Structure formats: C-alpha cells, structure tokens
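Note that the structure is predicted; figures quoted are calculated from it, not measured. Values below: all heavy atoms of this structure, side chains included; hydrogens, waters and symmetry mates excluded.
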Amino acid sequence: MKTFGIVLFYAFLVLSVTVIIVTVIKTKRFFSATLLSVLQGVGSLFAVNFIGSFIGVHINVNALSLAVSSLFGTSGVIALLFTQLLFR
C-alpha cells in the first residue's frame with residue numbers, strides 16, 4: 001500500500017508541474033505567473049493550517065513543506081495532505 005501511495009504521490013506531482021508549466025507558457029507572463037503560483041501555494045499552506053486547527057488537520061511548516069507549496073502551488077499542499085493521510 002505504501003509503494004502505491006508513493007507512486008500516486010509522484011504521479012500527482014508530475015501532473016501538477018505539467019499543469020503549471022502549460023499555464024505559465026500560455027499566459028506569456030513568466031515572472032508574474034510564477035510569483036502568483038508561489039503566493040497561492042504558501043497562502044494555501046497557511047490557510048490549511050489555520051482552518052485545520054478547528055478540525056484537527058495540521059501540516060508542519062518547515063523547509064520541505066514550504067518548498068513543495070511554493071513549487072507546486074495549491075496542488076502541492078493537497079499532495080502534502082494526501083501523503084499525511086496515507087502515512088498516518
């Protein structure tokens with residue numbers, strides 16, 4: 001079960017990167033699109049922690065979680081939640 005979860009996690013991250021790259025190329029505004037994706041990812045990480053405090057969901061804010069949320073945006077935060085659910 002754990003190897004399937006790892007494969008699913010990496011497949012989700014590859015799909016997320018592909019969607020982000022296609023979106024950045026289509027907008028033709030690389031810097032602003034990248035900056036907005038980073039801000040959206042970090043914002044969603046902190047939003048999950050704030051809202052999750054009411055329902056018992058928490059993602060540790062460390063270098064790895066910030067990197068994943070910055071690189072992959074909201075889909076990276078969803079992947080972090082998914083991996084936390086799988087490996088709990």
Side-chain angles (χ1 to χ4, degrees):
M1 177 66 184
K2 286 190 178 188
T3 57
F4 177 71
I6 292 171
V7 170
L8 193 61
F9 174 72
Y10 283 125
F12 185 73
L13 288 181
V14 167
L15 180 67
S16 300
V17 168
T18 305
V19 168
I20 289 171
I21 289 172
V22 167
T23 303
V24 168
I25 290 172
K26 279 187 162 185
T27 61
K28 296 193 174 41
R29 296 183 181 122
F30 178 76
F31 182 73
S32 63
T34 305
L35 181 66
L36 288 175
S37 177
V38 167
L39 289 176
Q40 181 182 13
V42 173
S44 63
L45 177 67
F46 286 107
V48 163
N49 281 331
F50 177 72
I51 295 170
S53 65
F54 298 113
I55 59 174
V57 176
H58 179 73
I59 299 175
N60 292 331
V61 179
N62 53 26
L64 179 65
S65 64
L66 283 173
V68 168
S69 66
S70 295
L71 289 173
F72 302 113
T74 303
S75 57
V77 175
I78 293 170
L80 286 171
L81 286 170
F82 184 67
T83 56
Q84 184 181 17
L85 178 70
L86 278 178
F87 298 115
R88 189 177 268 198

**Asked** Do you know the tightest heavy-atom contact between Ser70 and Val42?
**Response** OG-CG2, 3.5 Å
**Item:** Atom of Gln84, atom of His58 and distance for their closest heavy-atom approach
**Value:** NE2-O, 2.7 Å
**Prompt:** Roughly how far, to the nearest 0.5 Å, is CG of Leu80 from CG of Leu85?
**Reply:** 12.5 Å
**Message:** Looking at every non-hydrogen atom in both residues, tell me the closest pair between Ser69 and Leu45 and how far apart they are.
**Reply:** OG-CD2, 3.8 Å
**Prompt:** Hey, any chance Leu64 and Val77 share a hydrophobic cluster, counting ILVMFWY side chains that come within less than 4.5 Å of each other, even indirectly?
**Reply:** yes
**Prompt:** Between Leu71 and Phe82, is there a shared hydrophobic cluster once you connect ILVMFWY residues whose side-chain heavy atoms come closer than 4.5 Å?
**Reply:** yes
**Message:** Are Val19 and Leu35 linked, directly or through intermediate hydrophobic residues, by side-chain heavy-atom contacts shorter than 4.5 Å (ILVMFWY only)?
**Reply:** no
**Fill in**
In this structure, OG of Ser32 is separated from CG of Leu39 (nearest 0.5 Å) by 11.0 Å
**Message:** Within this structure, what is the CG-OG distance for the pair Asn49 and Ser44, rounded to the nearest 0.5 Å?
**Reply:** 10.0 Å
**Asked** Do Ile55 and Leu81 share a hydrophobic cluster (ILVMFWY, side-chain heavy atoms under 4.5 Å, transitive)?
**Response** yes
**Asked** Are Ile78 and Leu36 co-members of a hydrophobic cluster defined by side-chain heavy atoms under 4.5 Å apart?
**Response** no
**Prompt:** Looking at OG1 of Thr83 and CD1 of Ile59, how far apart are the two atoms once the value is rounded to the nearest 0.5 Å?
**Reply:** 7.5 Å
